[in-house]
Amino acid sequence: MSTVLIASPERSGAAANWRRALATRWNGLAPRERRAVRIAVALAVAALLWWLLLAPAFQTLRTARAQQPVLEAQLLQMRALQQQARELQAAPKIDYDQALRAVEAATKQRLGNTAQFGVLGDRATVTLRGTTADALAAWLAQVRIDARALPSEVRLVRSPVSGIPTNPGWDGTIVLALPAR
């Protein structure tokens, strides 16, 4: 089945009239004026091509040199994380008791007296009071690697550490999912 498109007589007539009027106007111009119009149209087309096609490409080239070191650093970080994920996947599984001991040891070692540790079933809850961001980040990394435990629930708020507002800490709770017994 084929479809035939027929142009409406009003549209084709209006376009033909417009073309005739333009041709009449063009033929009425002196050769010098025609050349000026051609040059103006060529300049407008060249400016449009520059603006739409070439300028963005040159801008990308200019910024690429500045972005390259940042992107290289991100790539190295991603590769390190990929390697760490492979090592974690290849590591032998640990049981509940080993994970529990690892979380407790990491809590005492990294968080000290700014955290309290409690266990209920297969979940460990750590309550924080004024824990610094650095200590919290190191603890989370150690718990993930040593106990293979990830936070399942986190409720934290910023608080000043020892009354110093320029050194904020974290108060709240973190619930860790431990391996099943």
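These numbers come from the heavy atoms of this one structure, side chains and all, not from hydrogens, waters or symmetry mates.
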Kindly check if the number of other-residue, nucleotide or ligand heavy atoms within 6.0 Å of CG (N27) is above 12?
-> yes

Can V103 be reached from L156 by stepping across I, L, V, M, F, W or Y side chains whose heavy atoms are under 4.5 Å apart?
-> yes

Using a cut-off of 6.0 Å, state whether more than 12 heavy atoms not belonging to Q68 lie near its atom CD.
-> no

Would you sort out whether T114 and R129 count as a side-chain contact (heavy atoms from CB on, under 4.5 Å), showing the intermediate values?
-> CA-CA 5 Å; T114 64; R129 286 201 175 71; 5.6 Å; no

Would you say the side chains of Q59 and R62 form a donor-acceptor pair under 3.5 Å?
-> yes

Hey, is the main chain of V157 close enough, under 3.5 Å, to the side chain of D171 for a donor-acceptor pair?
-> no

Report yes or no: do L81 and I145 belong to one cluster of Ile/Leu/Val/Met/Phe/Trp/Tyr joined by side chain heavy-atom distances under 4.5 Å?
-> no

Are the side chain of R34 and the backbone of W26 linked by a donor-acceptor contact shorter than 3.5 Å?
-> yes

Please report the closest heavy-atom contact between F117 and A124, naming both atoms and the distance.
-> CE1-CB, 3.8 Å

Distance from R20 atom CZ to T24 atom OG1, nearest 0.5 Å?
-> 8.5 Å

From R38 atom CZ to L29 atom CG, the distance as rounded to the nearest 0.5 Å | 10.0 Å

Please report the shortest heavy-atom distance between L140 and P151, naming the atom on each side.
-> CD2-CG, 3.8 Å

Decide yes or no on side-chain contact (heavy atoms from CB on, under 4.5 Å) for R144 and Q84, but give the supporting numbers first.
-> CA-CA 11 Å; R144 181 183 61 148; Q84 189 178 35; 3.0 Å; yes

Pairwise side-chain contact, V119 with L100, heavy-atom cut-off 4.5 Å (strictly under) | yes

Working to the nearest 0.5 Å, report the span between CG of D146 and CD of Q109.
-> 8.5 Å

Taking the side chain as C-beta and beyond, is there a heavy-atom pair between L120 and T125 under 4.5 Å?
-> no

Please step through salt bridge (charged side-chain N to carboxylate O under 4.0 Å, His left out) for the pair E153 and R155, ending with a clear verdict.
-> CA-CA 7 Å; E153 198 176 313; R155 290 189 187 114; 3.0 Å; yes

Count the heavy atoms of every other residue, nucleotide or ligand shown that sit under 6.0 Å from CZ of R148, and state whether that count exceeds 12.
-> yes

How close do Y96 and G121 get, heavy atom to heavy atom, and via which atoms?
-> OH-O, 2.8 Å

Hey, could you give me the CG/CG distance between L71 and L75, rounded to the nearest 0.5 Å?
-> 8.5 Å

At their closest point, which heavy atom of S152 faces which heavy atom of A177, and how far apart are they?
-> OG-N, 4.2 Å

Check the side chains of T107 and W139 for a donor-acceptor pair under 3.5 angstrom, ignoring hydrogens and angles.
-> yes

Are there more than 12 heavy atoms of other residues, nucleotides or ligands under 6.0 Å from atom CG of L53?
-> yes

With hydrophobic residues grouped by side-chain heavy-atom distances under 4.5 Å, do V154 and V126 end up in a single group?
-> yes

Just how far is it from atom CG of L111 to atom OG1 of T127, taken to the nearest 0.5 Å?
-> 11.0 Å

Nearest heavy-atom contact between D95 and P179 is O-CG, 4.3 Å

Flag yes if V41 and L49 sit in one hydrophobic cluster, no otherwise; membership is Ile, Leu, Val, Met, Phe, Trp, Tyr, and two members link when side-chain heavy atoms are under 4.5 Å apart.
-> yes

Quick one: pull up CG in N113 and NZ in K108 and give me the separation to the nearest 0.5 Å.
-> 13.0 Å

Would you say T63's side chain and T60's backbone share a donor-acceptor pair under 3.5 angstrom?
-> yes

Minimum-distance pair of heavy atoms, taken over all atoms of T131 and A135 | CG2-CB, 4.2 Å

